[in-house]
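One structure below.
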Amino acid sequence: MASRYLSYTTVEQLHQHIGQAVTLHGWVQDKTGKGKLTFIKLRDGSGMVQCVVFAPNVDERVATDAKSLSQESSLAITGTVRAEERAPGGVEVDVTDIKVYQLASEYPITPKEHGVEFLMEHRHLWLRSTRQHAIMRVRAAVVKAIRDFFDERGFKLMDSPILTPNACEGTSTLFETEYFDLGKAYLTQSGQLYAEASAMALGRVYTFGPTFRAEKSKTRRHLTEFWMVEPEMAYFDLNDDMDLAEDFVEYIVQYCVQHCRKELETLGRDISKLEKVKRPFHRMSYTEAVEWLHANNVKLNKKQPDGSEIQIDFPWGEDFGAPQEEALMTQFDKPCIIHRYPTEVKAFYMKRDPENPQVVLAMDMLAPEGAGEIIGGSQREDDHDALLERILHEGLSQEDFQWYLDLRKFGSVPHSGFGLGVERTVKWITGAEHIREVIPFPRMIYRIVP
RNA sequence: UCCGCAGUAGCUCAGCUGGUUAGAGCAUCUGACUGUUAAUCAGAGGGUCCGGGGUUCAAGUCCCUGCUGCGGAGCCA
């Protein structure tokens, strides 16, 4: 592709240049030598290629430069592209010239193994490693799939504010900051309420941005700062919402299968499992799920007042924890939507099921292979008085939510939406062990550096 | 926040029932080698045994305490 600003070749394009002279710009991923031969593994962001320097064939200066190269030194390499069966990418470069930009010294991340703490402290450098490189490319593909999916279906991007005056859901803890003379402001934990207002203006919208939770969660599924995409649709009921969520997740996964095959192979991901992620997904109500837990003897660990733990039959009305969700998903090899949860465990803005006021029209999507919850959504309460009653019942301030209540006074309609956690989705697709690997610079309860 | 585990060379770790000079591999530096890809071979340098206190003739090892990190739970996407 001709370009005004890209005057050099990238590793990705090398197979189109066999037999030609090219100049590559990148970093030394690794170097080995054998006598008069020096092998430089060059990484340039698009991929990696081995470059071969044979001392008798080049200037003495080039041979010396090649020998002096250290891991992560930056350089430009000029040479001839040659098809090479032994090379992983099928090509090698016979070097004729080297221009060193900077010689790195004592790069801390070696080709050997490292501990998590060490790698996290060097996250800014860890991102250069093959595995992290592959994960970040999948992440970029997931984000593109998300945008394409909604943009191609007539949804409008309507970003929600990050600084907010109050909580969307009373439960979670919020990051707090001073806001001039207006008192406290909080970092958003969901753009949903604003997405609802946007949907009443534009019909079908989505908001996409970072969200913040000051919960002291310490698990491999939690970050304090994570990205969430939240579509909101006027005139959608819960079934429409679930259908859309299904289409959406199928689209993202299949997009990655198609466009990130190389990356997924690098990660050792079993792609056949992702290929199975096609509609229809499984669906069951909360009540059916509880019955399944009973039938399969999955118990709930309950803490006693004296601190000891006992196992009891899972009581209807309790929210599922990670052990229950994991048990439920063992039977499925594609996602499962669980719907109609008990009113008490869900947020105030969810609409009660007209057929059973004990439950709300909520739905969560659980991903297979232990990935857990990736989507939470619901049909929203569209009746002014019912919503007000829920707000007061939760002990929330009517004044804070006046603008939100207004949406039910001026042309209220049935509407629904959901939120998908980008990092949880990338974690599932890449098969990463821990969520900290799937965002460039993770923010966690005990880590904010780098 | 609660429960459990760990901290020894730049990195990953070993170090027995407390015992005299603290170990390996990788990384780094020097040298050899025309096909390496976690190269190989020969050599060299490299330590506040997490901090503080205690027990003991003697502590990397035992006890107390603090700090840091890891795994899990709860909360959630």
Side-chain angles (χ1 to χ4, degrees), chain A residues 29-42 48-57 63 67-68 70-72 84-89 92 94 104-122 130 168-173 189-192 210-230 245 300-303 307-309 318-325 345-347 364-367 371-377 418-428 433-436 438-439 444-447:
Chain A
Q29 183 95 2
D30 197 13
K31 187 197 77 179
T32 62
K34 178 144 186 177
K36 297 186 174 67
L37 281 168
T38 304
F39 301 101
I40 303 159
K41 270 193 210 146
L42 180 91
M48 190 157 69
V49 67
Q50 176 160 278
C51 304
V52 186
V53 181
F54 185 47
N57 292 351
K67 283 215 153 189
S68 75
S70 49
Q71 201 187 349
E72 290 306 323
E84 170 60 66
E85 278 179 22
R86 288 171 288 183
E92 271 186 4
D94 286 325
S105 91
E106 309 238 356
Y107 184 69
I109 301 181
T110 67
K112 277 278 188 172
E113 12 169 345
H114 297 282
V116 171
E117 183 182 2
F118 180 81
L119 289 171
M120 287 305 295
E121 269 163 20
H122 295 86
T130 311
C168 297
E169 316 178 22
T171 54
S172 305
T173 342
Q189 55 182 344
S190 164
Q192 182 205 308
T211 49
F212 307 86
R213 305 273 165 97
E215 296 153 0
K216 300 203 165 177
S217 306
K218 195 182 167 312
T219 80
R220 63 177 79 175
R221 305 181 304 279
H222 286 86
L223 294 165
T224 56
E225 177 181 316
F226 64 97
W227 284 66
M228 190 153 67
V229 56
E230 296 171 280
L300 178 72
N301 285 331
K302 188 98 180 173
K303 259 228 167 96
S308 65
E309 278 198 359
E318 194 87 13
D319 204 359
F320 296 137
Q324 288 81 39
E325 289 183 351
V345 303
K346 288 291 179 185
D364 283 359
M365 186 189 291
L366 308 181
E373 184 179 348
I374 55 169
I375 279 183
F418 61 83
L420 172 125
V422 171
E423 287 76 17
R424 292 224 178 140
T425 305
V426 177
K427 176 176 179 286
W428 167 42
E433 275 297 302
H434 200 294
I435 199 162
R436 66 186 160 222
V438 305
I439 184 167
M444 294 177 297
I445 172 168
Y446 293 127
R447 181 173 296 281

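Each chain gets a letter, A, B and so on, in the order the sequences are listed, and its residues count up from 1. Everything numeric in this text was worked out from a predicted model, so none of it was measured.
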Distances under 3.5 Å between nitrogen or oxygen atoms of protein and nucleotides 11-13 of chain B:
residue, atom, partner, partner atom, Å
B:C11, O2', A:E113, O, 3.3
B:C11, O2', A:H114, ND1, 2.6
B:U12, OP1, A:G115, N, 2.9

Below 3.5 Å, does any donor atom in the side chain of A:E92 face an acceptor in the base of B:G35, or the other way round?
-> yes
Do A:S217 side-chain and B:C75 base share a donor-acceptor contact under 3.5 Å?
-> yes
Could you please name the option among B:A77, B:U28, B:C76 that lies closest to any side-chain atom of A:E106?
-> B:U28
Picking from B:A39, B:G35, B:A73, the nucleotide nearest the side-chain atoms of A:Q50 would be B:G35
Ring-base stacking, A:F226 with B:A77 (5.5 Å, 30° cut-offs) | yes
Do any N or O atoms of the protein come closer than 3.5 Å to N or O atoms of nucleotides 7-9 of chain B, and which pairs are they?
none

With RNA chain B as reference, determine whether A:D319 or A:H434 sits nearer its 5' end, using the nearest nucleotide of each.
->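 The residue whose closest nucleotide sits nearer the 5' end is A:H434.
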For residues A:I375 and A:A245, report the shortest heavy-atom separation together with the two atoms involved.
->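 Residues A:I375 and A:A245, closest heavy atoms: CD1-CB, 4.0 Å.
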Can you list the residues that meet the side chain to side chain contact (heavy atoms under 4.5 Å, CB included) rule with [X], with sequence neighbours excluded?
X      : value
A:A322 : A:R221
A:Q29  : A:K41, A:R43, A:M48, A:E72, A:T130
A:N57  : A:F54

Using only side-chain N and O atoms of A:R436, determine if any of them is under 4.0 Å from OP1 or OP2 of B:G69.
->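 No, because none of the side-chain N or O atoms of A:R436 sits under 4.0 Å from OP1 or OP2 of B:G69.
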Per-nucleotide protein contact string for nucleotides 29-34 of chain B (B base, S sugar-phosphate only, - none; heavy atom under 4.0 Å) = ----BB
